[in-house]
Amino acid sequence: MDFSAETIAGFVGGTVEGDPKVTIHDFAKIEEGRPGCISFLGNEKYLHYIHETKSSIVIVNRSFNIEGVTAATLIRVDNAYDTIAKLLTIYDQMSPKKKGIDTLSFVAASAEIGEDCYVGPFAYIGENVKIGRGTSVYPHAVVYDGASVGENCTLYPNVSVYHGCKIGNNCILHSGAVIGADGFGFVPTPEGYEKFPQVGIVTIEDNVEIGANTCVDRSTMGSTYVRKGVKIDNLVQIAHNDDIGENTVMSAQTGVAGSTKIGQWCMFGGQVGIGGHATIANRTMAGAQAGIPNSVKKEGTAIQGSPAIDGKRFWRASVVFKQLPELSAMVSRLQKEVEELKKIASKNPE
């Protein structure tokens, strides 16, 4: 389906510069633009592409000063990034959605499947499972006995939802995500490690997205919680009895040890490690590879390093770290000079 520049501008509240009748039917990065595509420019660092792109339309910030004539029609908006995100969402929602239960899937007789659902080939829906309206369970995904999945969720191929776990509405679980595997609980004995049974569940609230090959472990007792609005990247580990606060985001390879409570609106970069039994305050921001062994008590704290310290202090310290060889040599010279001065002073006492 084609859309004209004036139609798009009217929808997003933008202003057209160029041909209002030009149409597009696809999206492209500005540096890889093609005729019939729409691109966006939200960072002045890429401003030079505006004269090079072959895209028919470019969404651009109103504040950008663009010199000369551009071949592409421009739609000026307050925030190009937010605008293109809105358009991509609409485009994605326009794609036809699969419905129906494939004959090659297994659905237990006691399971409840809502209207307009899709269950793909070789998917498994266990006993007493409840699947809400409009949810898609793709091939080879598994929802074990007694689990529940809300409305308008997407479980991509090879997702595993263990027994008894609860998933809210409008959630997306990407391929290989495992919800409700046993927490890492073992008791040391003279003969080795004895497994400590994990009899709890995982509760994932509404509007959560969980990346590929990410694991959220079931609790020892009670529930591990991922609160509403949380966004988790690929390859993240959430341990047993954790509680991840609303609207927190975690980048790839972040790991959270057991029984840790994380506040709302926190942000964790890649490979952040968080110790067990810690409490992390709301709006904590941890830079990539930060190691957080203990609680963070002050809201809005920005930390970096391992063990993590105040972000600004870390960067000042990192500058000094780079100069350590020179500083060490300087200290050695000063020590020698001090020793020589002591010798001279001892020979000439006053």
Side-chain angles (χ1 to χ4, degrees), residues 124 126-129 141-149 155 158-168 171 173-174 176-205 208 210-227 230 232-246 248 250-264 266 268 270-281 284 286 289-297 303 305-308:
Y124 176 94
E127 297 287 348
N128 300 309
V129 165
V142 174
V143 184
Y144 285 106
D145 298 350
S148 63
V149 181
L155 276 59
N158 298 307
V159 165
S160 296
V161 180
Y162 278 44
H163 56 280
C165 293
K166 300 177 181 179
I167 298 174
C171 293
L173 276 61
H174 289 278
V178 178
I179 309 301
D182 282 357
F184 192 65
F186 298 91
V187 179
T189 70
E191 291 76 29
Y193 287 91
E194 182 179 337
K195 185 175 180 63
F196 196 101
Q198 308 289 297
V199 299
I201 63 170
V202 171
T203 302
I204 295 176
E205 296 184 348
V208 170
I210 294 180
N213 295 323
T214 282
C215 298
V216 184
D217 290 348
R218 69 193 311 111
S219 61
T220 307
M221 292 175 281
S223 182
T224 299
Y225 288 96
V226 179
R227 303 293 182 177
V230 168
I232 299 177
D233 200 359
N234 305 330
L235 297 167
V236 170
Q237 164 65 21
I238 306 297
H240 57 183
N241 297 94
D242 285 341
D243 190 332
I244 311 301
E246 294 179 9
T248 284
M250 294 183 176
S251 294
Q253 297 182 13
T254 289
V256 185
S259 301
T260 285
K261 182 176 177 60
I262 292 176
Q264 301 176 5
C266 294
F268 300 98
Q271 296 186 334
V272 168
I274 305 171
H277 302 272
T279 299
I280 309 299
T284 295
Q289 296 188 327
I292 308 174
N294 302 306
S295 295
V296 177
K297 298 180 180 179
I303 52 180
S306 185

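Just so you know, these numbers use all the heavy atoms, side chains as well, and skip hydrogens, waters and symmetry mates.
With hydrogens and angles ignored, the 3.5 Å screen pairs no side-chain donor or acceptor of T254 with any backbone N or O of V236. With hydrogens and angles ignored, the 3.5 Å screen pairs a side-chain donor or acceptor of T214 with a backbone N or O of L235. With T203 contributing its side chain and Y225 its backbone, the two residues share no donor-acceptor pair below 3.5 Å. A distance-only check finds no donor-acceptor pair linking the side chain of N158 to the backbone of G176 [under 3.5 Å]. Within the 3.5 Å criterion, the main-chain N or O of H163 finds no donor-acceptor partner in the side chain of D145. Side-chain atoms of T248 come within 3.5 Å of backbone atoms of C266 as a donor-acceptor pair (strictly under, hydrogens ignored). Although no hydrogens or angles enter the test, the distance criterion places no donor-acceptor pair under 3.5 Å between the side chain of N234 and the main chain of A252.
Among residues two or more places apart in sequence or in another chain, the salt bridge (Lys or Arg N to Asp or Glu O under 4.0 Å) test is passed with E246 by none. For D243, the salt bridge (Lys or Arg N to Asp or Glu O under 4.0 Å) test picks out R227, K261, with sequence neighbours left out.
Considering all non-hydrogen atoms of both residues, T224 and N241 come closest at OG1-N, 2.9 Å. Taking all atoms of both residues into account, the shortest heavy-atom contact from I292 to A286 is CD1-CB, 3.9 Å. Shown here for A239 and A257, the closest heavy-atom pair between the two residues is CB-C, 3.6 Å. Listed here is the closest heavy atom pair of A281 and T284: O-OG1, 2.8 Å.
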Residue pair M250, I238: steps toward the side chain to side chain contact (heavy atoms under 4.5 Å, CB included) verdict: CA-CA 10 Å; M250 294 183 176; I238 306 297; 3.7 Å; yes
Steps toward side chain to side chain contact (heavy atoms under 4.5 Å, CB included) verdict (I204, I210): CA-CA 10 Å; I204 295 176; I210 294 180; 3.5 Å; yes
Worked check of side chain to side chain contact (heavy atoms under 4.5 Å, CB included) between H240 and R218: CA-CA 5 Å; H240 57 183; R218 69 193 311 111; over 6 Å; no
Side chain to side chain donor-acceptor pair (under 3.5 Å) between D217 and Q237, intermediate numbers included: CA-CA 8 Å; D217 290 348; Q237 164 65 21; 2.9 Å; yes
Test side chain to side chain contact (heavy atoms under 4.5 Å, CB included) applied to Q253 and D233, step by step: CA-CA 8 Å; Q253 297 182 13; D233 200 359; over 6 Å; no
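Taking CZ of F184 as the start and CZ of F196 as the end, the distance is 14.5 Å to the nearest 0.5 Å.
Under 3.5 Å, the side chains of E194 and T189 contain no donor-acceptor pair of N or O atoms.
Classified by interplanar angle (parallel below 30°, tilted 30° to 60°, perpendicular above 60°), the ring pair Y144/Y124 is tilted.
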